[in-house]
Every structure is written in C-alpha cells, then in structure tokens.
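Here is how names work: the chains are called A, B, and so on, in the same order as the sequence lines, proteins then strands, and each is numbered from 1. As the structure is a computational prediction, the values presented were derived from the model and not from experiment.
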Number of protein chains: 2
Amino acid sequence: MFEILFEHINRKISLQEAEMEQLKTFFIPKKYRRKQYVLQQGDPCKYIVFVEKGMLRSYQVDDKGNEHIVQFAPEGWWISDSYSFLTGTPASYDIDVLEEAEVLLITQPAMEEMLQAIPAMERYMRILMQNSLISMQRRIACTLTTQAEERYLGFIAENPHIGQRVPQHMLASFLGMTPETLSRVRKQLLKKS
Amino acid sequence: MFEILFEHINRKISLQEAEMEQLKTFFIPKKYRRKQYVLQQGDPCKYIVFVEKGMLRSYQVDDKGNEHIVQFAPEGWWISDSYSFLTGTPASYDIDVLEEAEVLLITQPAMEEMLQAIPAMERYMRILMQNSLISMQRRIACTLTTQAEERYLGFIAENPHIGQRVPQHMLASFLGMTPETLSRVRKQLLKKS
DNA sequence: AAATAGGATTGATATAGATCAAGAGGGGGG
DNA sequence: CCCCCCTCTTGATCTATATCAATCCTATTT
C-alpha cells in the first residue's frame with residue numbers, strides 16, 4: 001500500500017528504514033470506488049490525499065452548474081484543497097474518483113506530528129510544493145499566452161498518461177474550453193496529419 | 001536592509017538571534033533602478049530575489065512581442081524563474097524593475113548551505129511555497145471560471161496596494177486581457193456606481 | 001512654450017470560442 | 001435485442017474580447 005509513496009519520497013530525499021516504518025503510522029489507507037466523493041465543496045478539507053492507485057480529480061462547480069476541473073491526480077500524485085486544509089475554511093472544490101482508487105490520507109495534526117518526528121519530511125514537502133508551484137506557473141503562462149489548439153497539444157505532450165485515461169469533456173474543462181471546441185480542435189489536427 | 005525579510009520569516013517560524021545573524025551571510029544585498037533587468041529570458045536564473053523595497057515584475061514575451069505579466073513582486077515578496085533556478089535551464093521569463101528597488105539575492109548553492117545550516121528555514125521555504133501554490137491555484141480557478149470584469153474586481157479586492165501602483169496596461173496583461181478591454185471594463189464599473 | 005513619449009480612452013470591425021440544438025455511436029443491463 | 005445513459009460530433013448562431021486605428025491626456029524633456 002505504501003510502495004508508490006515511498007518511491008516518490010525516495011526520489012527526493014533519503015529515509016532510513018526506521019523512519020519509513022514510522023512514516024506509515026501517520027497515514028490512513030483507504031479505498032474509494034468510482035464516482036465516490038473524497039471531499040465536498042463546503043466541507044472543510046480534513047486530509048491531504050496521496051494516490052497509490054487509480055485517479056482522482058478536483059473541480060469547481062460554478063453558478064450555472066458547469067464543472068471546472070482544477071487537477072487530475074493519478075497514482076503518485078497528491079491532491080487536496082490546500083487552502084481549506086491549511087485554514088480550516090470550507091472547501092471550494094469537490095474531489096471525486098475517476099478510477100477506483102487506493103489512497104493514503106493524512107490529517108493536519110498528523111502532518112504536523114510527522115514533520116516534527118521526521119524533519120527530513122519538511123524538505124520533501126518543500127520540494128513537492130516547489131515542483132507543484134512550477135507546474136502551476138507554467139499552466140498560467142500557458143493560459144495567458146496560447147490558444148486552444150496549442151494548449152491541447154501542450155497538455156498531451158506533457159501528460160500522455162492522463163490524456164488517454166480521462167473522458168474528453170473533462171480534458172476540455174481542465175484546458176479551459178468547451179467539449180465542442182476540443183472536439184473541433186482535434187478534428188483540425190487530424191486533417192493536418 | 002534585512003528588516004522586511006526578518007519580519008516575513010518571523011511571521012512563519014521563529015529564529016534565534018544568532019541564526020538571524022548567520023542568515024544574513026547567505027544573501028547579497030543589491031539596489032536596482034527603474035527598468036533595469038534582474039533576469040533576462042535565455043539566461044539561467046542564478047538567484048531567487050527577495051524584495052525589501054520597490055517593485056519588480058516577471059513577464060514573458062510572445063512571438064508577436066506582446067508582454068504577458070506573470071507576477072508582480074512588491075516589498076515582502078519573492079520572485080524568480082523557479083524552474084530555471086532549480087534546473088539551470090535558460091529562463092523563459094524576464095524580470096525587471098517597476099519601482100526603484102532594494103533586494104536580497106540568494107544563489108542556489110547559498111540556498112543549499114543555508115538550509116543545511118539553519119534547518120528551520122526548510123520549514124519557512126515549505127510554507128512559502130505552499131502559500132504561493134495556493135494563490136496560483138486560485139488564480140487558475142479564477143481564469144477558468146470568471147470573465148474580465150469579475151477578474152478585475154477580484155484582483156483589486158485582494159491586491160489593493162498593487163492595483164494602485166502599476167500602469168493599467170500591465171494590470172490588464174496580468175489579468176489576461178488587453179488594455180482596451182480593461183479600460184472598457186472600468187468604464188462600465190464607473191457607470192454602475 | 002513646444003516637442004516628445006508613455007499611457008489611457010474610444011470607436012469600428014473581426015474572430016475565437018461559447019452556446020444552443022440535434023443527432024450518432026456504443027456499450028452494458030434488463 | 002432493445003433501451004438508456006454517456007460521450008462525442010457537427011452545424012448554426014451568438015458574444016465576449018481581440019484587433020486596428022485614431023485621439024487625447026499628462027508628465028517630462030528641450
């Protein structure tokens with residue numbers, strides 16, 4: 001159950017056997033089936049979630065009922081409403097399950113304890129945040145500068161594994177366009193090749 | 001020269017006098033005048049910059065020569081091309097000076113040394129990254145879900161200090177719209193009130 | 001005071017992408 | 001085998017925002 005997490009951690013820092021054993025105690029393993037909610041908008045986000053298997057997504061529902069996908073989280077990714085988790089305010093995202101999933105949950109207090117007990121994890125979290133930040137920045141730069149077709153191409157180039165696995169209309173939402181537009185973009189691309 | 005930085009750090013972690021003294025040794029203080037480049041696209045980003053006074057901005061120039069502002073950094077903010085800084089690859093942003101500035105620079109090696117010497121800074125950096133990440137996420141959610149007027153209102157509500165200080169066309173660029181559009185948005189808003 | 005330059009505004013037009021609406025597969029469950 | 005649900009596609013419009021172009025304003029320089 002902890003394989004992917006350990007692999008992920010060991011790629012960034014090195015932990016001793018004992019620390020790895022101890023680490024396990026801070027997490028709650030859990031399984032979710034397709035379409036199950038992990039977090040609902042309005043509830044406080046009690047956990048940060050690490051995905052061992054399957055795929056989750058976070059999304060926002062606007063006043064017109066449209067879903068706007070914020071993040072896909074396949075195995076090896078973390079997901080949460082960081083703001084809600086940190087401040088205890090009601091979450092503004094929903095998180096649910098796209099593919100039957102096995103995850104590891106950690107609460108705010110457990111996280112604090114863990115960082116006290118295993119200081120190297122402070123470094124891991126810092127690197128993790130740094131990397132997420134970088135990819136967010138690139139995503140922003142991308143939405144500011146490019147248009148539909150280029151954005152789509154960029155995404156599938158960088159995330160081939162995700163592109164295959166999610167329904168097209170969710171991809172469209174993630175990319176900030178309608179399903180119709182994405183469909184037309186893809187048709188254009190087929191013609192070209 | 002270190003007042004703002006220390007204040008910023010002490011709001012998140014607590015350092016002893018000795019550590020604060022030691023901290024200073026890792027930074028290079030520097031002054032910049034208006035319009036001066038701190039980083040040019042194509043060069044590797046050697047420093048992360050903390051702004052003590054004045055204001056910097058990072059931006060990308062597209063193929064048509066249009067500037068797309070990625071970040072404003074007034075006093076108390078960090079700025080860099082994190083990706084370039086981390087990997088040593090050529091920067092994809094320019095960073096320059098909007099208001100005559102006093103800054104603190106830290107190099108990659110100095111940063112590593114610092115984190116070794118003062119482990120509490122690992123925590124500070126983690127929290128810093130976390131907070132930036134949160135605001136990035138909100139910005140993305142915002143560009144995905146809202147349109148021009150709402151985006152403008154959101155920005156000035158959250159960053160009144162910045163809104164006043166930068167030329168309107170840069171604000172427009174940051175918000176992902178043209179100067180003309182922002183001008184019209186503001187005109188609309190005036191009428192309403 | 002004239003000249004210059006960097007913003008901001010305003011109007012006319014163009015366009016990428018949204019929205020609305022209808023159909024077309026294509027599985028799985030009864 | 002048929003029906004229902006879900007997803008994707010396609011076509012016809014609509015709209016927010018971009019683009020192009022001209023002025024205007026204000027501050028600074030000469």
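With ring centers used as reference points, B:Tyr37 lies 6.0 Å or more from B:Tyr32. Ring pair B:Phe50/B:His8: centre-to-centre distance below 6.0 Å.
In the hydrophobic clustering of ILVMFWY residues, with side-chain heavy atoms under 4.5 Å counting as a link, B:Met129 and B:Ile48 come out together. Note: the hydrophobic cluster containing A:Met121 does not contain A:Tyr47 (ILVMFWY, side chain heavy atoms under 4.5 Å, direct or indirect links).
At a non-hydrogen distance threshold of 4.0 Å, B:Pro167, B:Gln168, B:His169, B:Glu180, B:Ser183, B:Arg184, B:Lys187 from residues 167-190 of chain B come into contact with DNA chain C.
Distance CD (B:Gln164) to C1' (C:dG7): 17 Å, rounded to an integer number of Å. As a whole-Å value, the separation of A:Glu149 CD from C:dT15 C1' is 16 Å. Following rounding to the nearest Å, B:Gln147 (CD) and C:dG17 (P) show an atom-to-atom distance of 15 Å. We find that CZ of A:Arg34 is positioned 13 Å from C1' of C:dG28, with the value rounded to whole Å.
If one axis is set at each end of the helix from C:dA1-D:dT30 to C:dG30-D:dC1 from five pairs, those axes are 30° apart, to 10°.
Residue pairs meeting the salt bridge (charged side-chain N to carboxylate O under 4.0 Å, His left out) criterion with at least one member in residues 168-183 of chain B, sequence neighbours excluded, do not occur.
Under the side chain to side chain donor-acceptor pair (under 3.5 Å) rule, B:Asp96 has a single partner from B:Gln36, B:Arg57, B:Gln40, which is B:Arg57.
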